[in-house]
Amino acid sequence: MSKFYVTTPIYYVNDKPHIGHAYTTVLADVLARYNRAMGNDTFFLTGTDEHGQKVQTAAEKHGISPQQHCDDTVQRFQELWNTLGITNDRFIRTTQEEHKRVVAEVLQDLYDRGEIYRGNYTGWYCVGDERFFTEKDLVDGKCPECGREVTAITENNYFFRMSKYQDWLIDYIKTHPDFILPAFRANETLGFLKKPLEDLCISRPKSRLSWGIELPFDKDYVTYVWFDALLNYVSGVGYRTDDEKFKRWWPASCELIGKDILTTHTVYWPTMLKAIGLPLPKTVFAHGWWLADSKKSNAQNENKAAGNVVVTENGEVKQKMGKSNGNAVSPESLIAMTNVDAFRYFLMAEMSLGNDACFSEETFTTRYNSDLANDLGNLLSRVVKMTIRATGGAIPASGELNADDRELFAAVDNAIAAMGSCLESYKLDQGIASVLNAVRAGNRYLEKCAPWTLAKNGETERLNTVLATSATAIYKVAVLLAPVMPNKMGELVTALGGDAKNLPVITELGKVASISGWQMSDVPPLFPRLEVQKPAPAEKVEKKSAKAEKKAAPAPQLEVPGVITINDFQRTELRTAKVLKAEKVEGADKLLKLEIEVGSENRQIVSGIAPWYAPDDLIGKNIVIVANLQKAKIRGIESCGMLLAAKCGDTLALVMPDKDIPSGTLVG
Ligand code: MSP
């Protein structure tokens with residue numbers, strides 16, 4: 001059994017957590033869950049960074065003590081992690097006594113050994129980032145990190161002899177290719193190290209800032225917040241307080257950070273550890289940013305000059321999501337639209353680890369509908385419904401496998417192998433993509449093997465094999481995705497008749513031959529489709545032309561009576577559906593009440609087709625419906641959608657696809 005110790009950065013307690021914060025924490029949680037699922041001894045640390053100028057200023061503004069301010073604001077993080085199902089083993093706060101003691105002891109030790117000395121300092125200070133910069137670091141005279149104004153400060157301070165470790169650090173990075181990942185980030189740090197490395201100012205005079213850990217050798221100073229914060233990674237696992245625990249977990253296997261805090265983690269932190277005499281974390285992995293449209297005008301936007309602005313591959317100008325850019329999106333709003341697991345899935349599947357990703361509600365909805373509602377939700381609902389119809393829910397024993405069955409199992413085995421290797425190489429999104437490939441292979445398999453036709457033709461042995469194969473495949477998919485979507489995959493496994501609390505170790509999953517004999521139960525759609533809230537095309541045109549008006553008179557819009565545009569047509573959502581049940585509506589000669597399957601969803605439609613179709617003739621038929629029609633009550637019975645039919649004289653004919661095609665498929 002190997003050991004896995006994963007950390008997130010500790011978050012500034014002042015911030016309101018947004019998608020960027022949630023991303024790192026969910027990522028750490030998924031890695032921790034995978035490692036536990038692989039049988040590795042795992043420890044997961046997260047927490048909050050509670051000292052420094054911003055906290056002191058905010059507390060003063062509210063007229064409360066900084067500690068009270070931290071105690072209030074830390075809850076936002078703790079509550080969100082709770083909602084998101086984060087399985088951290090410890091939540092560290094830098095205001096905890098134990099951490100403060102460790103920081104003081106480390107400082108004293110370094111001071112006693114001459115690693116810390118007193119000197120004069122002149123620098124440019126950014127309050128927002130709580131960091132000093134030299135003249136040459138500044139960009140257009142502003143903070144190189146966030147673009148805000150900086151203040152010149154000269155004062156007597158304490159310094160850590162960081163410069164003396166420069167050559168050692170360059171050599172360490174070059175000889176330890178896993179230390180900084182992705183590799184291009186290692187090159188960035190090596191680029192930074194081409195300039196002479198200066199000593200690090202690790203104190204702040206109390207006359208300017210009092211909210212920090214007091215220097216043990218000078219009561220007039222507190223510790224620089226980064227020097228304090230970085231030590232959480234060792235104090236959080238017992239450094240100087242619990243030797244056994246510390247020996248068990250340190251060095252960390254993986255410290256996850258965002259790319260904006262690369263220098264602190266790959267220059268300050270390793271040199272600090274070297275001076276202390278501790279080994280370095282195996283890997284510091286820097287992920288990219290979640291970007292979004294800026295909500296501020298250029299004039300308001302202080303960060304324009306700095307690295308907060310990114311031009312994407314499509315040439316779009318986006319900004320790092322964050323409070324100061326006015327474009328932070330709260331995780332709660334997306335969870336309210338869908339559910340916790342869908343939000344976790346989106347974060348993990350959408351961002352290619354290491355690169356930036358753009359957030360918009362449309363990307364979120366599209367990813368949710370295509371991967372979860374259509375592909376995964378559809379596969380589950382078809383397998384469950386078919387099995388319940390065929391056997392009452394008992395997963396039958398499989399007969400001999402043919403090439404189609406083997407192809408599906410090969411796609412699943414491929415996903416198992418890919419997930420293992422993608423986790424090793426921090427390519428989680430690719431691992432997830434290979435699992436979704438297996439899901440799509442499952443849907444294609446059902447279309448090809450057409451169990452509904454096998455059932456109709458009485459080909460029971462083949463039907464049993466198809467049901468057993470597809471059920472086993474989807475079970476393995478659920479085990480692979482459980483660390484990303486623990487709740488929904490638990491529901492899925494339960495619906496299959498399995499024990500969600502006792503899933504096989506992923507490395508052993510390939511050996512699970514079949515789940516025949518389990519008893520399935522019906523399950524409501526795990527991922528109901530989200531309606532896309534796109535502005536109506538007319539509105540879009542209006543907005544554009546309002547802008548354009550200033551430049552030139554808009555071209556006259558010619559309207560041909562009775563002719564609609566393609567956009568008008570696309571507002572009508574036509575989909576295939578399968579009739580599951582049909583019955584006459586009592587007291588209404590013309591009406592039939594149909595229960596139909598539309599992808600992973602079941603609906604009820606009331607239609608005036610009774611004079612032309614007997615209920616029994618309709619069961620199992622594929623039809624086409626208007627899926628986005630407003631709900632209506634017909635004779636007091638709810639009807640969700642309208643089926644399409646052509647009527648000529650006394651003849652009425654339903655519109656039906658001329659091939660077997662999955663229900664829920666878009667028609668257009
Ligand atoms: N307190 C320091 C970290 C100290 S660790 C010893 C800090 N805190 S932070 O709250 O500002 O940021 C915490 C993490 O959130 C960083 O890794 C940062 O990159 C990440 N994110 C904040 N906004 C982000 C995005 N828009 N996108 C992705 N992650 C970003 O820095």
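Counting starts at 1 for both ligands and their atoms, following the listed order.
- Residues L256 and P9 approach most closely at O-CD, 3.0 Å, considering heavy atoms.
- Looking only at protein heavy atoms, the nearest one to atom 29 (N) of ligand 1 is H287 CE1, 3.4 Å.
- For ligand 1, the polar-atom distance check against D260 finds a nitrogen or oxygen pair separated by under 3.5 Å.
- A donor-acceptor pair shorter than 3.5 Å cannot be found between the side chains of H18 and N327.
- When only interatomic distances are considered, the shortest N/O to N/O separation between Y11 and ligand 1 does not fall below 3.5 Å.
- Counted by atom type alone, S352 and N355 present one or more donor-acceptor pairs between their side chains at under 3.5 Å.
- Looking at atom 6 (C) of ligand 1, its nearest protein heavy atom turns out to be Y233 OH, 3.5 Å.
- Judged by distance alone, the side chains of T95 and H51 never bring a donor and an acceptor atom under 3.5 Å apart.
- Considering both main-chain and side-chain atoms, H265 never comes within under 3.5 Å of ligand 1 through any nitrogen or oxygen pair.
- Considering all non-hydrogen atoms of both residues, W249 and F4 come closest at CZ3-O, 3.9 Å.
- For the residue pair N88 and T46, no side-chain donor N or O sits within less than 3.5 Å of a side-chain acceptor on the partner.
- R36 and T87 form a side-chain donor-acceptor contact under 3.5 Å, judged by distance and modelled atom types alone.
- In this structure, atom 9 (S) of ligand 1 lies nearest to the protein heavy atom Y12 CD1, 3.6 Å.
- The distance from ligand 1 to the heavy atoms of M321 drops below 4.0 Å at these ligand atoms: 23 (N), 25 (C), 26 (N).
- On a distance-only criterion, W290 and ligand 1 share at least one N/O pair closer than 3.5 Å.
- In summary, the atoms of ligand 1 found under 4.0 Å from a heavy atom of D49, numbered by their order in the structure, are 1 (N), 2 (C), 4 (C).
- Scanning A328, G258, G288 for the heavy atom closest to atom 28 (C) of ligand 1 points to G288.
- Residue H21 approaches ligand 1 through these ligand atoms, each under 4.0 Å from one of its heavy atoms: 10 (O), 15 (O).
- Every atom of ligand 1 is numbered from 1 in the order shown, and the set under 4.0 Å from a heavy atom of A229 is 6 (C).
- Counting only residues at least two apart or in different chains, salt bridge (Lys or Arg N to Asp or Glu O under 4.0 Å) contacts with residues 65-81 comprise D71-R93.
- For W226, every heavy-atom contact with ligand 1 shorter than 4.0 Å involves the side chain, none the backbone.
- Scored by the ring pair (Phe, Tyr, Trp, His ring centres under 6.0 Å) test, Y125 finds F132 as partners (sequence neighbours excluded).
- Inclusion of I257 in the set of residues having an N or O under 3.5 Å from an N or O of ligand 1 is not warranted.
- The closest non-hydrogen atom to atom 2 (C) of ligand 1, taken over I10, L347, L291, I261, comes from I10.
- Y23 and E350 are not linked by any side-chain donor-acceptor pair at a separation below 3.5 angstrom, with hydrogens and angles left out of the test.
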